[in-house]
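Values below: all heavy atoms of this structure, side chains included; hydrogens, waters and symmetry mates excluded. Within every chain, numbering begins at 1; the chains are lettered A, B, ... in the order of the sequence lines, protein sequences first and strands thereafter.
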Amino acid sequence: MSERTLNEIMDQRREKIKALVADGIDPFPHNFDRSHLTTEAIAQFDEIEGQAGTRLAGRLMSRRVMGKASFANIMDGSGRIQLYLSREDLGEQVYSMFKRLDIGDFIGVNGLMMTTRTGEKTLKVLELTLLSKNIRPLPNVKEKDGQLFDGFEDKEQRYRKRYLDLIVNPDVKETFVKRAQIYKSIRKFFDDSAYLEVETPILQPLYGGASARPFKTHHNTLDMDLFLRIADELYLKRLIIGGFEKVYEFSRNFRNEGMDRTHNPEFTAIEWYEAYVDYFFLMDQVEALFNHLAKDLGQSEFEFNDHTIDLTKPFKRATMAELVQQYADIDLATASVSDLLKVCRAHQIDAASEANYGQLLDALFDSLVEPHLIEPTFVTEYPKAISPLAKNKRGSDGTFVERFELFIAGNEFANAFTELNDPIDQRERLEAQAALRAGGDEEAQTLDEDFLQAMEYGMPPTGGVGVGLDRLVMLLTGNRSIRDVLLFPQMRPETKG
RNA sequence: GGUCGCGUAGCUCAGCUGGUAGAGCAGUUGACUUUUAAUCAAUUGGUCGCAGGUUCGAUCCCUGCCGCGAUCACCA
């Protein structure tokens, strides 16, 4: 990093500030009254053309000085507009101040709309006010007809300095505007169905509701360790027990695990719970939610991971066993645990020799089936062994539970079950998880005594769903990396050497 | 965590399997009153990611480290 060169540029700009102050110009005034956004001024051109008093503000993005007259572009939150400035209109002093401005400065202008010889709607500037001085050079970007030249493309720097990315790369802004639309659309979906939006603790004395390793922190006054939540499930269920019959939460979760294209240490899930419904209801509801999102975004097909996904067609449904049977080519009606282990070994699938039927089925599913699930597909009937919070499949021998996951383009998008509400069964299952933990499984769930007590007071039949929101945003915005849908993705600290 | 690739000016990139670096833009100075990646002329700017090693000599070859990307393993 050549600090020296950069410092020269920055020194020059600091000197400019001193010179401006010496001339009685405030480089950082406190406000500016705008009459229009840049895009409004263009859209309302016919009404305001030629009328003085059009006041715009924004960041100076480019400049073309031709002696006594200049063109420039400013950018505000809505877009860009061209300015025309001349010595004749501004006077010697202001015009020469303009010539000493830098790309990146904020300015306010007052003038009138006109059309240039080449037909571009342009503000002819009669008054110019410096609003904020830049001292650090912006990435140098040329733009023509919406096309960018040179630009700011270093992925690492774009994530580290997202503010620059937002200034310079317009589609980045679009992704986050869309993310906000998606949140709004989800809220509307649930609010319109009489759901209550709730907030539950992020700092938890025990963590649960998912299988993952947590972040740990410490509260000084209480002198106790706390965990950042890995899921909000157990708290939402307490609310169902408490009598809120439909609740949802946008839950920022934290998992102390690996990072890659689809995993950030903190991420957002939406979870919702509804009393008296089962997973059949939830499947229809999830499908309706995805439909609703597609409709709100005005789109039915989405490009994601090299696939075109239609969210408005009916989603497929199949049991996990059917899919494993199909893709692993085994007859599950007769296959024993050791048969499943053999198939795992044959496909080089990592499986412990003491793994049970459910774990092996899940391992086969992950490796052999998941990648094939491109069209939206509900996979139903999960093994009980990997689902400690889900209710037994009705009319079955207890191997399977009433659970489904939604897969799109080989990725999981939703996880839901008919919730286990039998406090005796729940206690046994969490005790089994605790035994696994004692045996060294760091991801096994903890036994939350307060949660079990809550359930002992009685919990109605309930259905619950979790959807990974970041992945959903990836799907709906066509981004391949979770970092592209998070404004400030987690990065390793940048150190010298 | 494993494997592969990348890291050169503020930005975008060249740099011959070794002789201590170039361009465009940005910046600075000058010309130019309808340009739009404005143009023209001149000019500043570099610990070539960091640390070692090989060599008379390293941006280039080797080793380690740091960061990023892709991919595999685990998770949403």
Quiz prompt | Geometric class of the A:W272/A:F190 ring pair [parallel <30°, tilted 30-60°, perpendicular >60°] | solution = tilted
ask   = Would you call the rings of A:F413 and A:F304 parallel, tilted or perpendicular, where under 30° means parallel and over 60° means perpendicular?
value = perpendicular
For [X], which contact category applies under a 4.0 Å heavy-atom criterion: base, sugar-phosphate, or nothing?
X: A:R480; answer: nothing
X: A:G67; answer: base
X: A:R87; answer: nothing
X: A:D154; answer: sugar-phosphate
X: A:K99; answer: nothing
X: A:E143; answer: sugar-phosphate
X: A:M491; answer: sugar-phosphate
X: A:R492; answer: sugar-phosphate
X: A:F413; answer: nothing
X: A:R213; answer: nothing
X: A:V141; answer: nothing
X: A:N134; answer: nothing
X: A:E153; answer: sugar-phosphate

[atom1] atoms of [N] and [M], separation to the nearest Å:
N: B:A76; M: B:G10; atom1: P; result: 43 Å
N: B:G46; M: B:G22; atom1: C1'; result: 11 Å
N: B:C62; M: B:U17; atom1: C1'; result: 13 Å
N: B:C50; M: B:U8; atom1: C1'; result: 15 Å
N: B:U43; M: B:C48; atom1: C1'; result: 23 Å
N: B:C25; M: B:A38; atom1: P; result: 10 Å
N: B:G67; M: B:U44; atom1: P; result: 38 Å
N: B:U20; M: B:G69; atom1: C1'; result: 30 Å

Quick one: is [N] close enough that its OP1 or OP2 comes under 4.0 Å of any side-chain N or O from [X]?
X: A:K142; N: B:A38; answer: yes
X: A:R64; N: B:U35; answer: no
X: A:R261; N: B:U71; answer: yes
X: A:R483; N: B:G69; answer: yes
X: A:R117; N: B:U35; answer: yes
X: A:R63; N: B:G27; answer: yes

Please report, rounded to the nearest Å, how far the [atom2] atom of [N] is from the [atom1] atom of [X].
X: A:M259; N: B:G67; atom1: CE; atom2: P; value: 11 Å
X: A:K68; N: B:G30; atom1: NZ; atom2: P; value: 14 Å
X: A:M61; N: B:A38; atom1: CE; atom2: P; value: 12 Å
X: A:E370; N: B:A76; atom1: CD; atom2: C1'; value: 11 Å
X: A:I482; N: B:A70; atom1: CD1; atom2: C1'; value: 17 Å
X: A:F71; N: B:C32; atom1: CZ; atom2: P; value: 17 Å
X: A:R13; N: B:G10; atom1: CZ; atom2: P; value: 13 Å
X: A:D102; N: B:G27; atom1: CG; atom2: P; value: 7 Å

Carboxylate-amine/guanidinium proximity below 4.0 Å for [X] and [Y]:
X: A:R179; Y: A:D484; value: no
X: A:K178; Y: A:E174; value: no
X: A:R238; Y: A:D448; value: yes
X: A:K121; Y: A:D46; value: no

[N] - base-pair partner by Watson-Crick or wobble geometry, distances under 3.5 Å:
N: B:C61; value: B:G53
N: B:G24; value: B:C11
N: B:G5; value: B:C68
N: B:U34; value: none

Handout entry: A:R483 and A:N264 side chains, donor-acceptor separation under 3.5 Å
Key =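 Short answer, no.
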When only distance counts, do a donor and an acceptor, one from the side chain of [X] and one from the base of [N], lie under 3.5 Å apart?
X: A:Y84; N: B:U33; value: yes
X: A:T116; N: B:U35; value: yes
X: A:Q82; N: B:U35; value: yes

Stacking of A:F267 on B:A76 base (centres under 5.5 Å, planes under 30°)
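The ring of A:F267 is stacked on B:A76.
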So does A:N253 get a backbone contact from the side chain of A:S251, meaning a donor-acceptor N/O pair under 3.5 Å?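 Answer holds: no.
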By nearest-heavy-atom nucleotide on RNA chain B, the more 5' of A:E88 and A:E266 is A:E88
- Nearest-nucleotide 5' precedence on RNA chain B, A:K16 against A:V65: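 It is A:K16, whose closest nucleotide lies nearer the 5' terminus.
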Just compare [options] and give me whichever is closest to any side-chain atom of [X].
X: A:Q12; options: B:U28, B:C11, B:C68; result: B:U28
X: A:P137; options: B:U35, B:G10, B:A76; result: B:G10
X: A:A69; options: B:A76, B:U33, B:A37; result: B:U33
X: A:F152; options: B:A76, B:C11, B:U33; result: B:C11
X: A:K155; options: B:C68, B:U34, B:G27; result: B:C68
X: A:M66; options: B:U34, B:A76, B:C68; result: B:U34

Practice item. Determine, stepwise, if the pair A:R158 / A:E153 fulfils salt bridge (charged side-chain N to carboxylate O under 4.0 Å, His left out). Key: CA-CA 7 Å; A:R158 289 176 57 186; A:E153 290 171 1; over 6 Å; no
Q.
Can you confirm whether more than 12 heavy atoms, excluding those of A:Q93, are under 6.0 Å from its CD atom?
A. no
